[in-house]
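This report refers to the structure that appears directly beneath it.
Any value given below was found using the heavy atoms of this structure, including those in side chains, with hydrogens, waters and symmetry copies removed.
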Amino acid sequence: FARLNNTLVYESEGAVTMKISGVLRQKKSVQTSINGSGFYYTKELTEHIFNNGFTSDIVLKQMSNPTIDVFNGSTISAATYTRRLQELGGSKLPYEIRIYPTTYQARDKITEYLNHYNDNFSKEEKEQMVLLENYDEIVGASVKVLVKGITAVLVVLAGISLVVSSVMIGIITYVSVMERTQEIGILRSVGARKLDIVSVFSSETFFIGLTSGILGIAVSLILSPITSMILEKMTTINSLSIITLPSCILLIVSSILLTLVAGSIPSAIASLKNPVECLKKVD
């Protein structure tokens, strides 16, 4: 134990006997807590410490030399002097004030009021300003960074799947062109233009994209309630998986455009085929 004048501190005449009135334990179901660990005491003890602190030798010595640090004798600024008095129990200036607004509107009003208070001081007087720390914004920024990272990973995976699906659609369309060479020759021989041949295969890829988009949305609508239920049990937040009408329309349009782009090269190859060579393959 620490000693003061060769006497154990807890045995000194100025020691204060404290009584433990209770022990708090956090529930297992609670993941976080606003209050940290340690001892919690009443306001009376705080006042007692302040009253004794103002008359202690070390506080009086620091007050008598506001520009000299009582610990090491170095020169200190006004801010360091104020902080040193707080550490020694010789100042009632609060180190931190926690405000718990009941609504977001109240939080915004409090923030606006404190910012207006800071406007009364210049940059040289920044030590007198109030430093604001909005825990909602801090947590929100952390969550935002995490969500951005997860979104980036999902975008990369989605991009890879789109490239693979585009290549597969192009291959399927090209196989269809090769198998229908005779049909292309017959259509060209009866007067079909190159643009008409492109339209035939483009219409097929259009319906492929439309059908796949509708099937994808149907499967998503079936799985969405199940996914929301699982996520609600894991995070206690409901309705995390939501599918809106604009999202459905965007997905269908994207699916159609993707298939049209993937089938454009095979369609162009089909339109450039020589009708005479195509008809020679007719049995």
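- Not a single side-chain hydrogen bond (donor to acceptor under 3.5 Å, both in side chains) links S56 to another residue, sequence neighbours left out.
- Linking ILVMFWY residues whenever their side-chain heavy atoms come closer than 4.5 Å, directly or via other members, leaves M178 and F201 in distinct clusters.
- By the 4.5 Å heavy-atom criterion applied to side chains, Y100 and R107 are not counted as neighbours.
- Connectivity analysis of hydrophobic side chains (ILVMFWY, heavy atoms under 4.5 Å, direct or indirect) links L258 to L162.
- Residue pairs that meet the salt bridge (charged side-chain N to carboxylate O under 4.0 Å, His left out) test with at least one member in residues 75-90, sequence neighbours left out, are D69-R84, R84-E87.
- The hydrophobic cluster around L157 extends to V153, counting ILVMFWY residues whose side-chain heavy atoms fall within less than 4.5 Å of a member.
- L146 belongs to a hydrophobic cluster with I150, L154, counting contacts under 4.5 Å between side-chain heavy atoms of Ile, Leu, Val, Met, Phe, Trp and Tyr, direct or through other members.
- To the nearest 0.5 Å, the span separating CG on L60 from CZ on F54 amounts to 10.5 Å.
- A donor-acceptor contact closer than 3.5 angstrom is absent between the side chains of T227 and S224.
- Applying the salt bridge (Lys or Arg N to Asp or Glu O under 4.0 Å) test to R193 and every residue at least two apart in sequence or in another chain returns D196.
- When all heavy atoms of S271 and A268 are compared, the closest pair comes out as OG-O, 2.7 Å.
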Report the C-alpha distance between F206 and L260 in whole Å, list the side-chain angles of each, state the deciding distance to 0.1 Å, and finish with yes or no for side-chain contact (heavy atoms from CB on, under 4.5 Å). CA-CA 6 Å; F206 172 84; L260 287 175; 4.1 Å; yes
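- Through side-chain heavy atoms spaced under 4.5 Å, either directly or across other Ile, Leu, Val, Met, Phe, Trp or Tyr residues, L215 is tied to no other residue.
- By the criterion of side-chain heavy atoms lying less than 4.5 angstrom apart, applied directly or through intervening Ile, Leu, Val, Met, Phe, Trp or Tyr residues, V261 is not grouped with I171; the two fall into different hydrophobic clusters.
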Checking side-chain contact (heavy atoms from CB on, under 4.5 Å) for the pair L88/F71: CA distance, chi angles, key distance, verdict? CA-CA 11 Å; L88 297 174; F71 287 136; 3.6 Å; yes
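- When the shell of 6.0 Å around CG of L223 is examined, it contains more than 12 heavy atoms from other residues, nucleotides or ligands.
- Judged as a side chain to side chain contact (heavy atoms under 4.5 Å, CB included), and not counting sequence neighbours, the contacts of S91 are L85, Q86, L93.
- To the nearest 0.5 angstrom, T173 atom OG1 is 10.5 Å from M168 atom CE.
- No single ILVMFWY cluster, assembled from side-chain heavy atoms under 4.5 Å apart, contains both V200 and L272.
- Residues I110 and P101 share a closest heavy-atom pair of CD1-CG, 4.0 Å.
- Sorted by first then second residue, the salt bridge (charged side-chain N to carboxylate O under 4.0 Å, His left out) pairs that include residues 203-214, not counting sequence neighbours, are R180-E204.
- Between atom CD1 of residue I160 and atom OG of residue S165 there is a gap of 11.5 Å, rounded to the nearest 0.5 Å.
- The list of side-chain hydrogen bond (donor to acceptor under 3.5 Å, both in side chains) pairs with a residue in residues 57-66, not counting sequence neighbours, is empty.
- Judged as a side-chain hydrogen bond (donor to acceptor under 3.5 Å, both in side chains), the pairs with a partner in residues 205-219 (not counting sequence neighbours) are, in order, S212-S255.
- For the pair S176 (side chain) and I172 (backbone), a donor-acceptor distance under 3.5 Å is absent.
- Taking all atoms of both residues into account, the shortest heavy-atom contact from Y174 to I269 is CE1-CD1, 4.0 Å.
- Note that CD1 of I256 is 4.5 Å distant from CG of L210, once rounded to the nearest 0.5 Å.
- Proximity of a side-chain donor or acceptor of T80 to a complementary backbone N or O of I76 within less than 3.5 Å is not detected.
- Atom CG of residue N274 and atom CD1 of residue I184 lie 12.0 Å apart, to the nearest 0.5 angstrom.
- Partners of L250 under the side chain to side chain contact (heavy atoms under 4.5 Å, CB included) rule, at least two apart in sequence or in another chain, are S254.
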If you apply the rule side-chain contact (heavy atoms from CB on, under 4.5 Å), what do you find for K273 with V177, and how did you get there? CA-CA 10 Å; K273 283 185 174 296; V177 170; 3.8 Å; yes
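- Within the model, atoms OG1 of T181 and CD of E183 stand 10.0 Å from one another, a figure rounded to the nearest 0.5 Å.
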Could you go through the side-chain contact (heavy atoms from CB on, under 4.5 Å) check for E47 and K43 one step at a time? CA-CA 6 Å; E47 294 295 334; K43 182 179 179 181; 4.0 Å; yes
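- Under the 4.5 Å side-chain heavy-atom criterion for grouping Ile, Leu, Val, Met, Phe, Trp and Tyr, I169 is not connected to F207 through any hydrophobic cluster.
- Clustering ILVMFWY residues whenever any of their side-chain heavy atoms sit less than 4.5 angstrom apart, transitively, puts I252 in the very cluster that holds L221.
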